[in-house]
Amino acid sequence: MGPIRGSRKRRRPANKKVERSSASSSPEEEESGEWWHDFSNRISGPLSSSRDTEKFESVFKISRKTFDYICSLVKEDMVAKPSNFTTTGGKVLSVNDQVAVALRRLISGKSFVSLGVSFGMNKSTVSQITWRFVEAMEERGLHHLRWPSTETEMQNIKSKFEKIRGLPNCCGVIDTTHIMMCMPSDPANDIYLDQEKKHSMVLQAIVDPDMRFRDIVTGWPGSMCEPLVLKNSGFSKLCERGHRLNGASIDLSEASKVREYIVGDAGYPLLPWLITPYQGKGISVVESEFNKRHFATRMVAQRALVKLKDMWRIVQGEMWRPDKHRLPRIILVCCLLHNILIDMEDIVQDEMALSHLHDSGYKQQVCKASDDDDGAVLRDTLRRYLTGRLTS
C-alpha cells in the first residue's frame, strides 16, 4: 500500500451492500449512563488492579464527551457489517463496547492477548474490532485533518504563529518522526532500515500553532530521508504548482514583501516556501538570533508529535512485526484522533504530562542540498525584519 495523505478521502464502493447487525444495541442502550458501569465491571486482569476503573478517564485518557462523539462518528460503519462480536461469556458487544476496546488498543499499545484478558474476549475479537474501528475512522473522521479552507482560518493561524516569536505570515511547521518496528532479519525488510539502523516507517506532519495536524504523509520506509519524503508528498507538489501557500503576501516595508511559508529544521532543504535555520560555524549574531526564534516556533511540531506518541502508544516504542500495509492507516487514525481531542477541547488530554522527545535516540540530520535563491532571500528578509534592520 502506498503512502497515505491525510487530505485524501477513501470512498465506499458504490456496489457495497450495507446490512444492520442484529448484535448492535439500541440508541437508548448506547446513551444510557449504565454502559460504563457494566463495562468497567467486566474489566479484569492487570488493568483492573492497576487503575481506578470506576473513573472512565483513568482508563481511556479522554473525557466521556469525547468518547461519545467518537462513537457517534463511527457507529453507522461499525454496525454496517454483520458481526457476532461477543465476550468469552457470550455477551454481545455494543458499539460503545467495541469503540472502547479499539481505543484501548490504540491508547495502550498492549497486545491483543493482553487486552483480551482485560476485557474478557478472544484476541481475534480484539483484532477484528480494532480494524473495523480503524476503517470506520478513515471513512468518517477525515474532516478533522485538513488544510485551512478559509482566509479567516488561515489568518488566525498566522497570528498565533507570530505571537510565538514574531515570524510573520507563517502557515505551519513541518517535522518528521519514525514509527519503529520489530521486524525479522530479511533482506526484503532492509528498505525499512533508517539512519539509526532501526526498522521504521516515516510520518511527516505539518502542524498549526494549536498542535493540530494539518497535513500528513505516512507509509514511506525509514530509509527515505526527509527531503525525499517531502519531495514525493502531495503538499510539496501543490506548493510547486502554486496551489498551496499561495495566499496574499504581506508588506514588511515599501520594498519588502513576505509570501506564505512553513518552517522546518535543518533536515529539510531551504525552499521558496520552506524556511530552515542558518547553518555552519560562521553564522553571525543576528543569524543566530533568527535561529532561536525559528527554533521556538518549530517546537510546536515537536510537542505535537510527542503528544501523539504519548497518547496513542501503539505508535510509540517498537511495534512487533506489524502489517506494513495496515500500519499507515493506523497511524493516520491516530492523527485523526489526536486532532479530535484538540477540536473537542478535551481537558483530560491537557492535563497529561508529556515526555521530551518524539524520536529518542535519533540524531539531527542535515540536508546537503544547495539553498534555493528565493528561499535565501525570504529568510534574509525575515531576519532583517525580526532584528529591526529592514529598511523602508
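Note: hydrogens, waters and symmetry copies are ignored here, and every other heavy atom, side chains too, is used. Please read these numbers as outputs of a predicted model, since none were measured by experiment.
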- Within residues 265-289 or reaching into it, pairs that qualify as salt bridge (charged side-chain N to carboxylate O under 4.0 Å, His left out) - sequence neighbours excluded: Arg165-Glu289, Glu289-Arg293
- Excluding sequence neighbours, so at least two apart, what forms ring-ring contact (aromatic ring centres under 6.0 Å, His included) with Phe213? His338
- Supply the atom-to-atom distance Met319 CE to Arg313 CZ, rounded to the nearest 0.5 angstrom. 13.5 Å
- Heavy-atom pair with the smallest gap, counting every atom of Met201 and Pro328: SD-CG, 3.7 Å
- Item | Check: Ser124/Ser127 side-chain N/O donor and acceptor closer than 3.5 Å | no
- Task: Consider only side-chain N and O atoms of Tyr278 and Ser288, and report whether a donor and an acceptor are under 3.5 Å apart.
- Result: no
- Message: If you count every heavy atom of other residues, nucleotides or ligands that lies below 6.0 Å from Ile283 atom CD1, does the total exceed 12?
- Response: yes
- Query: Which salt bridge (charged side-chain N to carboxylate O under 4.0 Å, His left out) pairs, counting each pair once, include a residue from residues 105-130, with sequence neighbours left out?
  - Reply: none
- Query: Will you find, in the side chains of Asn189 and His199, an N or O donor that is under 3.5 Å from an N or O acceptor?
  - Reply: no
- Query: Can you check whether Pro209's main-chain N or O pairs, donor with acceptor, with Arg212's side chain at less than 3.5 Å?
  - Reply: no
- Task: Look up atom CG in Asn232 and atom CD in Gln204, then write down how far apart they are to the nearest 0.5 Å.
- Result: 10.0 Å
- SB check Arg140 Glu76 (cutoff 4.0 Å): yes
- Message: Would you say that Val173 contacts Ile206 through its side chain, given a criterion of any heavy-atom pair below 4.5 Å between the two side chains?
- Response: no
- Message: With a 4.5 Å cut-off on side-chain heavy atoms, are Ile330 and Thr130 touching?
- Response: no
- Considering all heavy atoms, the nearest Ser236-Leu230 contact: CB-O, 2.9 Å
- Query: Under the ring-ring contact (aromatic ring centres under 6.0 Å, His included) test, which residues partner Tyr192, sequence neighbours left out?
  - Reply: none
- Do Cys334 and Ile331 pass the side chain to side chain contact (heavy atoms under 4.5 Å, CB included) test, and can you show the C-alpha distance, the side-chain angles, and the key distance before you say yes or no? CA-CA 5 Å; Cys334 289; Ile331 296 169; 5.7 Å; no
- Check the pair Ser114, Ser111 against side chain to side chain donor-acceptor pair (under 3.5 Å), reporting the backbone distance first and the verdict last. CA-CA 5 Å; Ser114 175; Ser111 69; 4.7 Å; no
- Side chains of Leu103 and Leu337: closer than 4.5 Å at any heavy-atom pair? yes
- Message: Going by the rule ring-ring contact (aromatic ring centres under 6.0 Å, His included), which residues pair with Phe295 if we only count those two or more places apart in sequence or in a different chain?
- Response: none
- Task: Hey, could you give me the CD/OG1 distance between Glu345 and Thr66, rounded to the nearest 0.5 Å?
- Result: 10.0 Å
- Going through the distances and angles, do Arg244 and Asp215 end up as a salt bridge (Lys or Arg N to Asp or Glu O under 4.0 Å)? CA-CA 12 Å; Arg244 184 74 84 227; Asp215 185 279; 5.0 Å; no
- Measure from the side-chain N and O atoms of Thr125 to the backbone N and O of Met121, and report whether any donor-acceptor pair falls under 3.5 Å. no
- Message: Is any side-chain heavy atom of Val92 closer than 4.5 Å to one of Phe85?
- Response: no
- Item | Considering all heavy atoms, the nearest Ser233-Val217 contact | CB-CG2, 3.7 Å
- Message: Side chains of Glu240 and Trp273: any donor to acceptor distance under 3.5 Å?
- Response: yes
- When rounded to the nearest 0.5 angstrom, what is the spacing between CG in Asp310 and CG in Leu308? 9.0 Å
- Any side-chain heavy atom of Val99 within less than 4.5 Å of one from Phe133? yes
- Report yes if the side chains of Arg329 and Glu138 come closer than 4.5 Å at any heavy-atom pair, otherwise no. yes
- Task: Please answer: with hydrophobic residues joined when any side-chain heavy atoms are less than 4.5 Å apart, are Leu228 and Val202 in the same cluster?
- Result: yes
- Item | Close side-chain approach of Cys171 to Met154, heavy-atom, < 4.5 Å | yes
- Item | Short N-O contact, Asp380 and Arg383, less than 4.0 angstrom | yes
- Using a strict 4.0 Å threshold on nitrogen-to-oxygen distance, state whether Arg132 and Asp77 make a salt bridge. no
- Do Asp194 and Lys198 sit within salt-bridge range, that is, some charged N less than 4.0 Å from a carboxylate O? no
- Note on the structure: Note: Asp210 and Asp208 closest approach over all heavy atoms is N-OD1, 2.8 Å
- Message: Closer than 3.5 angstrom, by distance alone: can the side chain of Asp346 be matched with the main-chain N or O of Ile62 as a donor-acceptor pair?
- Response: no
- Message: Any salt bridge linking Arg42 with Asp38? Criterion: basic side-chain nitrogen under 4.0 Å from a carboxylate oxygen.
- Response: yes
- In the single-linkage hydrophobic clustering (I, L, V, M, F, W, Y; side-chain heavy atoms under 4.5 Å), do Tyr69 and Val59 co-cluster? yes
- State whether the side chain of Asn169 and the backbone N or O of Val258 hold a donor-acceptor pair below 3.5 Å, judged by distance alone. yes
- Message: With no hydrogens and no angle check, just 3.5 Å: does a side-chain donor-acceptor pair link Asn246 and Glu260?
- Response: no
- Find out if a path of hydrophobic residues (ILVMFWY) with successive side-chain heavy-atom gaps under 4.5 Å connects Val113 to Val126. no
- Query: So, Ser94 versus Asp97: side-chain donor-acceptor pair below 3.5 Å or not?
  - Reply: yes
- Value for CD1 (Ile174) from CD1 (Ile262), rounded to nearest 0.5 Å, stands at 4.5 Å
- Do Leu341 and Met311 have side-chain heavy atoms sitting under 4.5 Å apart? yes
- Query: Of all heavy-atom pairs between Gly264 and Pro277, which one has the smallest distance, and what is that distance?
  - Reply: O-CD, 3.4 Å
- Message: I need the full list of salt bridge (charged side-chain N to carboxylate O under 4.0 Å, His left out) pairs touching residues 370-379, with sequence neighbours left out, sorted by first then second residue.
- Response: Asp371-Arg379
- Tyr385 to Gly166 - nearest heavy-atom pair and separation: CE2-O, 4.0 Å
- Is the Trp36 ring parallel, tilted or perpendicular to the Phe56 ring (thresholds 30°, 60°)? perpendicular
- Message: Can you tell whether the side chains of Glu153 and Arg214 come within less than 4.0 Å, N to carboxylate O?
- Response: yes
- Short side-chain to backbone donor-acceptor contact, Ser40 and His37, under 3.5 Å: yes
- Item | Ser256 side-chain N/O to Leu252 backbone N/O, donor-acceptor pair under 3.5 Å | no
- Query: Between the side chain of Ser249 and the main-chain N/O of Lys257, is any donor-acceptor distance below 3.5 Å?
  - Reply: no
- Quick one: do the Trp131 and Glu135 side chains pair a donor with an acceptor below 3.5 Å? yes
- Message: I'd like to know if the side chain of Ser58 and the backbone of Lys55 have a donor-acceptor N/O pair within less than 3.5 Å.
- Response: yes
- Task: Answer with yes or no whether the hydrophobic clustering places Leu142 together with Val134; edges join I, L, V, M, F, W, Y residues whose side-chain heavy atoms lie under 4.5 Å apart.
- Result: yes
- Item | Side-chain (Ser108) to main-chain (Arg104) donor-acceptor, under 3.5 angstrom | yes
- Shared hydrophobic cluster, Ile250 / Leu167 (ILVMFWY, side-chain heavy atoms < 4.5 Å): yes
